[in-house]
Amino acid sequence: MTAFVRRYIAAMGGEILEDTPSYVRVRLTPDMDKDLMNRPFYWSYVEQFGLEPVPAVLTLVFDPDRPPPDGRGEPITFGSMRLAQLFRSAQKRGRFVRLYEVPATSPASEPAVRLVPWLAINYRISFRCDRKKERLLPVGVNLETGQVAQGFYPRIAARPFTPVMPPHTVVAPWSLTLEAAVDRAEAAVTATVAAEDNHWARDALARLAEEQALLRAYYGENPPEERRNELEQRLDELQALFTPRIEVDVVNAGLFYLSTPVATADERGELAADT
Amino acid sequence: MRIRPIFDRKWLEEFSARVRADSPWDTWALFQLAYEAAEATLVPSFDDLECLRHLHAFTPLPHQVETARRVVNEMRGRAILADEVGLGKTIEAGLVLKEYLVRGLVKKALILVPSSLVTQWTAELNQKFAIPAVAQKKAYMWRQYDILVASLDTAKRAPHREQVLDIAYDMLIVDEAHKLKNARTQNWAFVNAIKKKYCLLLTATPVQNDLTELFNMISLLKPGHLGNDATFAQNYVVHKRLPKNEEKLRADLGKVMIRNRRADGGIAFTKRHVETLALELSPKERELYDAVTNFVRERAQETRSLRSAFTLLTLQREVCSSRDAAMVSLFKWYKRAEDGSPLKRRLRELLLLAKEVNTHTKARKVVELLRRLDGKVILFTEYRATQEFLQAELAKQDITTVLFRGGFGRNKKDWMRMLFENRARVLIATEAGGEGINLQFCHQMINYDLPWNPMRVEQRIGRIHRLGQTRDVTIFNLATKDTIEEHILNLLTEKIRLFELVVGELDAIVSQANLSKTFDRTLADIVLRSKDDREAAEKLRRFGEALARARETAGSAWTGATAETGG
């Protein structure tokens, strides 16, 4: 977590004023200030009148037993509102990338390195009824061949990437539109989810049915108008509470031009060669 | 059965635009951080309590964690939390709320509490749980804020009512939920009309008088769980206090109610010392007491109406509290009495007797105690006149005091509590002040007079003897010898052993005793229908025996039904 905070500050370009193992003091950038300091009025004022902004200085204390000498600062722990803001800020500003893998150095005389385009989508799946669990499902779609690879992002996360196309490289053509690729990715997610144990959903439906029956018994066969409306409301509440749903949203996505292939088959069968 | 995933494709529009323009792109570093942030905030399982790793301000106790876990995993997020006073129902509710917030299952939550607790709840949710709860102050706030703490009395009235009922809440929490025991009240109807999914009702006293109260609360939570009015009565009730099919009732209750008790162990409490001080009335006080007592008894013979009987009884109790308390009532009657009537003459005599009283035995004792004790003291009385009298008396001795009453608004109550914590030595509270403030920073209490309802005594004690109290608690009870007060105190201390009871055992006893009326009503009956003190004492003794027996056997039916905590 400490590492996360330091990397976040570096990635956002915050100016570190003091750096110790137990705390950091950082002058925020305007973007960080907007994400972390909850002062939209200040920023609209500054921007409207073209003033020189003065971003805040934050002191984030990792070890509350060893705070800064001046005693100022706030503990940043898991579950703190501040860390939640950092998480949100990172997710807001790390949504979409287009990156090129840096090829292993090769003499310039060799033929140019061919870069294969992949669409990476990091899905978050929520299984929800009155309870909820989530998981991440990172999927990659080869835009040249249409091949779908699950567990894509973790496989490439350690590779070197650059935002500018490296010299001596060529980009392979796309054979899929973006929409078609997304269709494939979603189909892969749907298939994965369908293959999973769904007892949680069956249990939720059983709870729903059980409670609907109790409610109907409570309100009786033919409740008077007013009670009937109440019953309807109660039934709606039960539906909202128990109906099992699988909701899928996207954490982030990117175009990755890879110079080395992603393993196409995996001993654990995690990679599903599609089509 | 197959559930088709619902894909949110909003992202694709923006992504496509960026692909077409080949800009603007985020950085690789932030992309990685975003993924890690998503991983870190993920809820990986249905069952584990996620909220625990989010808590840093404090460590919840094992029984609180277990309660939260059961509410979420077994009770489907709807439960009556009925822990005994001081075991941390607020913490349990906070844990459950936090869990659902962390899981993203609750966004909009409403917490209805007595007005005196609004600030405290708000502070606790923010400080202990990092839940951004806001105290409701203005009508626009209902929609503006997702997590709102409000007073039930405010929320149920226009213009708030309409707004509250228009919102579909994900979670509703009601504190002091015994105020919802009667299905014919405005409170009940209002809460019943609120749209909600998850719901917690908090009360230390789930049953005060009869089983229907429990049925009514459960009907707010999970209508039909105990059947409807008719089938409930048929299946579970022999008599309003006497359940039938206990096994089944216990099992059914266990699905919607959790009651942790101190006796369950594992919950560390400081010790409680109780000292009863029997005081000899001064001759003039004695004269006044006897005269009032005779007056009360004579009038009680003449009156048929229950209401005037109660008024008489109040007078009897007031005279035990303080001369001033009795004078207020006497004077009110005097003004109302017909001129020249024997009643008026009689009241005038009593008032003159009262005026004669110039030594205040109890007050003197309080001053003596305060000299002897170190630290802060809460002084409880039932009567406002006594409260004001005490403030004046203590001021004469240069003892700083703060008054606390039920009639104070929320801000004033908070202010008074802070004054007490920071500035004053003594808090003088009337009964209404007993409910709804936590005063753990104080560990000494004087009961200047006692409520006749033991539940309310229990609530008084619960103000200071609760989790978070780090010191042993000392309680002094003042009782004037050879008065009705002494008999009652005797009944409460000797027979019920009220002050030794782990809090919460009491309701078991009261229900075991199968009282056909509420506790204090039974007492009233005894006092008013006795020819003299001797007879009253004898009847009280018998009543006490019955209670003592109930105390022995308590622990079966009702306690059992409400005590289930294990999973």
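Lettering follows sequence order; numbering is per chain, from 1. Nothing here was measured: the structure is a model prediction, and the numbers come from that model.
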Any chance you could lay out the side chain to side chain contact (heavy atoms under 4.5 Å, CB included) test for B:R4 and A:T190, step after step, and finish with the verdict? CA-CA 7 Å; B:R4 280 207 72 80; A:T190 305; 3.8 Å; yes
Taking B:S16, B:A29, B:A38 one by one, which has the highest count of heavy-atom pairs under 4.5 Å against chain A? B:A38
Could you check which of A:P163, A:A84, A:A253 has the highest count of heavy-atom pairs closer than 4.5 Å to chain B? A:A253
Applying a strict 4.5 Å limit to non-hydrogen atoms, the region of A:R128 in contact with chain B is side chain
Tell me whether the count of non-hydrogen atoms from other residues, nucleotides or ligands lying under 6.0 Å of CD in B:E162 goes above 12. yes
What part of B:L52 lies closer than 4.5 angstrom to a heavy atom of chain A: side chain, backbone, both or neither? neither
Name the region of A:R234, side chain, backbone, both or neither, that has any atom closer than 4.5 Å to a heavy atom of chain B. side chain
Step-by-step side chain to side chain contact (heavy atoms under 4.5 Å, CB included) determination, A:N198 to B:R2: CA-CA 8 Å; A:N198 63 5; B:R2 179 166 293 190; 5.9 Å; no
Between the main-chain N or O of A:D130 and the side-chain N or O of B:Y198, is there a donor-acceptor pair closer than 3.5 Å? yes
Tell me, out of A:I125, A:N122, A:I246, A:V189, who's got the most heavy-atom pairs with chain B below 4.5 Å. A:I246
If you measure from CZ on A:F87 to CD on B:E39, what distance do you get to the nearest 0.5 Å? 10.5 Å
Side chain proximity check, A:E186 to B:P5, heavy atoms < 4.5 angstrom: no
Atom group of A:P244 that falls short of 4.5 Å from chain B, counting heavy atoms: both
Rounded to the nearest 0.5 Å, what separation is found between the CD atom of A:E247 and the CD1 atom of B:I3? 11.0 Å
Salt-bridged, B:R9 to A:D183, with N to O below 4.0 Å? yes
Kindly say whether the aromatic ring centers of B:W28 and A:F256 come within a distance under 6.0 Å. yes
Counting heavy-atom pairs closer than 4.5 Å to chain A, which one of B:P24, B:G77, B:S23, B:A130 comes out on top? B:A130
Heavy-atom pair count under 4.5 Å with chain B, highest-scoring of A:V193, A:L83, A:L255: A:L255
Parallel, tilted or perpendicular: which describes the rings of B:F46 and A:W200, with under 30° parallel and over 60° perpendicular? tilted
Check: B:K196 main-chain N/O paired with A:E237 side-chain donor or acceptor under 3.5 Å: yes
Portion of A:L86 that has a non-hydrogen atom of chain B nearer than 4.5 angstrom: neither
Could you pull out the closest heavy-atom pair between A:L214 and B:G224, with the gap in Å? CD2-O, 3.4 Å
If I measure from the heavy atoms of chain A, does B:S45 come under 4.5 Å with its side chain, its backbone, both, or neither? backbone
Is chain B contacted by the side chain of A:R216, its backbone, both, or neither, given a heavy-atom distance below 4.5 Å? neither
Does B:D47 come within less than 4.0 Å of A:R131, counting only side-chain N to carboxylate O? yes
Plane angle bin for A:Y153 and B:Y35 - parallel if under 30°, tilted between 30 and 60°, otherwise perpendicular: tilted
Working to the nearest 0.5 Å, report the span between CD of A:Q233 and CG of B:N192. 8.0 Å
Please flag which part of B:R103 lies under 4.5 Å from any non-hydrogen atom of chain A: side chain, backbone, both or neither. both
At a 4.5 Å cut-off on heavy atoms, which part of B:D22 comes close to chain A: side chain, backbone, both, or neither? both
So which of B:E99, B:H56, B:K222, B:K10 has the biggest tally of heavy-atom pairs under 4.5 Å with chain A? B:H56
Tell me whether the count of non-hydrogen atoms from other residues, nucleotides or ligands lying under 6.0 Å of NZ in B:K107 goes above 12. no
Check the angle between the aromatic planes of B:F215 and A:Y218 and answer parallel, tilted or perpendicular using the 30° and 60° thresholds. tilted
Report yes if the side chains of B:Y100 and A:K132 come closer than 4.5 Å at any heavy-atom pair, otherwise no. no
Quick one: of B:L33, B:V19, B:N228, who has the most non-hydrogen atom pairs under 4.5 Å with chain A? B:L33
Under a 4.5 Å heavy-atom cut-off, does chain B meet the side chain of A:V251, its backbone, both or neither? side chain
Engaged part of A:L178 at the chain B interface, taking heavy atoms whose separation is under 4.5 Å: side chain
Using heavy-atom distances under 4.5 Å, tell me whether A:A201 contacts chain B through its side chain, its backbone, both, or neither. both
For B:A34 against A:G94, the heavy-atom pair lying closest together: CB-O, 3.6 Å
Interchain contact, A:R95 with chain B, by part (heavy-atom threshold 4.5 Å): both
Side chain, backbone, both or neither: which part of A:P154 has a non-hydrogen atom closer than 4.5 Å to chain B? side chain
Can you confirm whether B:F15 sits close enough to A:L119 that some side-chain heavy atom of one is under 4.5 Å from a side-chain heavy atom of the other? yes
Is the closest side-chain heavy-atom distance between B:F31 and A:L99 below 4.5 Å? no
What part of B:A40 lies closer than 4.5 angstrom to a heavy atom of chain A: side chain, backbone, both or neither? both
Which answer fits B:N73, side chain, backbone, both or neither, if we ask what part of it has an atom under 4.5 Å from a heavy atom of chain A? both
Kindly indicate, with the supporting measurements, whether the criterion side chain to side chain contact (heavy atoms under 4.5 Å, CB included) is fulfilled by B:N126 and A:M81. CA-CA 10 Å; B:N126 277 280; A:M81 296 201 205; 4.2 Å; yes
Rounded to the nearest 0.5 Å, how far apart are NZ of B:K197 and CG of A:L238? 11.5 Å
To the nearest 0.5 Å, how far apart are CD in B:E14 and CZ in A:F96? 5.0 Å
B:V72 versus chain A, heavy atoms under 4.5 Å apart: side chain, backbone, both or neither? backbone
Using non-hydrogen atoms only, which part of B:R78 is less than 4.5 Å away from chain A: side chain, backbone, both, or neither? side chain
Among the listed options A:E230, A:R124, A:R245, A:R207, the residue most often paired with chain B at heavy-atom distances under 4.5 Å: A:R207
Part of A:M1 within contact of chain B (heavy atom distance under 4.5 Å): neither
Answer whether the closest heavy-atom distance between the side chains of B:W11 and A:I121 falls below 4.5 Å. yes
So for A:R202, is it side chain, backbone, both, or neither that comes closer than 4.5 Å to the heavy atoms of chain B? both
What residue in A:V182, A:L205, A:D236 has the most heavy-atom pairs under 4.5 Å with chain B? A:V182
Output for pair (A:Y123 OH, B:D8 CG), nearest 0.5 Å, gives 10.5 Å
Turns out that what part of B:L101 lies under 4.5 Å from chain A's heavy atoms comes down to neither
